[in-house]
Q: 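What follows is a structure written as C-alpha cells; I'll ask about it next.
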Amino acid sequence: MKFQEVKPSKGLEHVVAHYWKFEVDEQASSGQVVEHETLPESSLSVVFINQPYFTGIRLQGPHQVKFNLSIPPGSIFVGIKFQPWLNIESICADKRALLNQTCLAPSFLGEEIFPEIDPHDLHIGVADFDLLELGLRRLMANTTIAQDQMVRFLCLSLRMQDKVSIR
C-alpha cells in the first residue's frame, strides 16, 4: 500500500489543495482486501479509479464522518482534492448534495476535460500529475468557479494557527 500527495503548480493553488495517489499492489496483501479509513473532510475530490470491480471517475463529496472502504489488491486511485471554499457548478451544482457519499462523475470530465487520462490505463507506480493540471486548465477556461469567501477566510486562518505554537 502506498499513498502520495503532490502540491499543485503555483497557478492552480487557489483551486487545488493537492493531488493524491493511493495504490494497493496485487502482491502487497496476499489477496486480502485492505481496509482504508479517511477522516472527515470538507472538500470535493475528483477520483480516477482502476479496481478489479470498478474502473471510472467518481466524485467524493465532503464527509462529516470517517469514510471506510475495503480495497482489493491491484487497486489504484488518483485524485484531485479541491480547496474547500470552492463550488464548481459544472462538476457538482451543490457539493452538500454529496455529503458523506460518492457518485459517478459527469461524463464530460473524462471526455472533454481529462481525455488523456484513461482510468483503465492507471498503473501501479505510474502517476502523471501534469495531466491533471492540463485538464484543470481546460476546466478553468470553460467554467465558473464560485468561492465562499467566509469559508476561505476560516480555512486559511486555521492553517495559519497550525504554524503558531501555543504555550
Q: So which heavy atom on K95 is nearest to which on W85, and how close?
A: NZ-N, 4.4 Å
Q: Is K81 salt-bridged to E41, cutoff N-O under 4.0 Å?
A: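 A salt bridge links K81 with E41.
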Q: Check L44 against G61 and note the closest heavy-atom contact, atom names and distance.
A: CD1-CA, 4.1 Å
Q: Identify the two heavy atoms, one from P8 and one from Y19, that lie closest to each other, and give their separation to 0.1 Å.
A: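 Reported closest heavy-atom pair: CA-CE1, 3.6 Å.
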Q: Around F153, counting heavy atoms of other residues, nucleotides and ligands shown, do more than 12 lie under 6.0 Å from its CZ?
A: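 For F153, atom CZ is not crowded (no more than 12 foreign heavy atoms under 6.0 Å).
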Q: So, for N50 and D121, which heavy atoms are closest and what is the spacing to 0.1 Å?
A: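 Taking N50 first and D121 second, the nearest heavy atoms are ND2-N, 4.5 Å.
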Q: Contact between L12 and R137 at the side-chain level, heavy atoms closer than 4.5 Å - yes or no?
A: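 In short, these two side chains touch, coming nearer than 4.5 Å.
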Q: Tell me which one of E133, E112, E116 satisfies salt bridge (Lys or Arg N to Asp or Glu O under 4.0 Å) with R138.
A: E116
Q: Does the plane of the ring in F48 sit parallel, tilted or perpendicular to the ring in F114? Use 30° and 60° as the thresholds.
A: perpendicular
Q: Surrounding CD of Q4 (heavy atoms of other residues, nucleotides or ligands, distance under 6.0 Å), is the total greater than 12?
A: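 Enclosed: over 12 neighbouring heavy atoms sit under 6.0 Å from CD of Q4.
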Q: Side-chain contact, heavy-atom cut-off 4.5 Å: T102 with S45?
A: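 No, too far: nothing below the 4.5 Å cut-off.
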Q: Find out whether F77 and Q60 are in side-chain contact, i.e. whether some heavy atom of one side chain is under 4.5 Å from a heavy atom of the other.
A: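 Contact flag for F77/Q60 side chains = no.
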Q: Might you point out which heavy atoms bring I49 and P119 nearest each other, and give the distance in Å?
A: O-CB, 3.5 Å
Q: Whether the side chain of S43 engages the backbone of F82 through a donor-acceptor N/O pair (distance < 3.5 Å, no angle test) should be reported.
A: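 Yes, the answer is positive, given that a donor and an acceptor are paired below the 3.5 Å cut-off.
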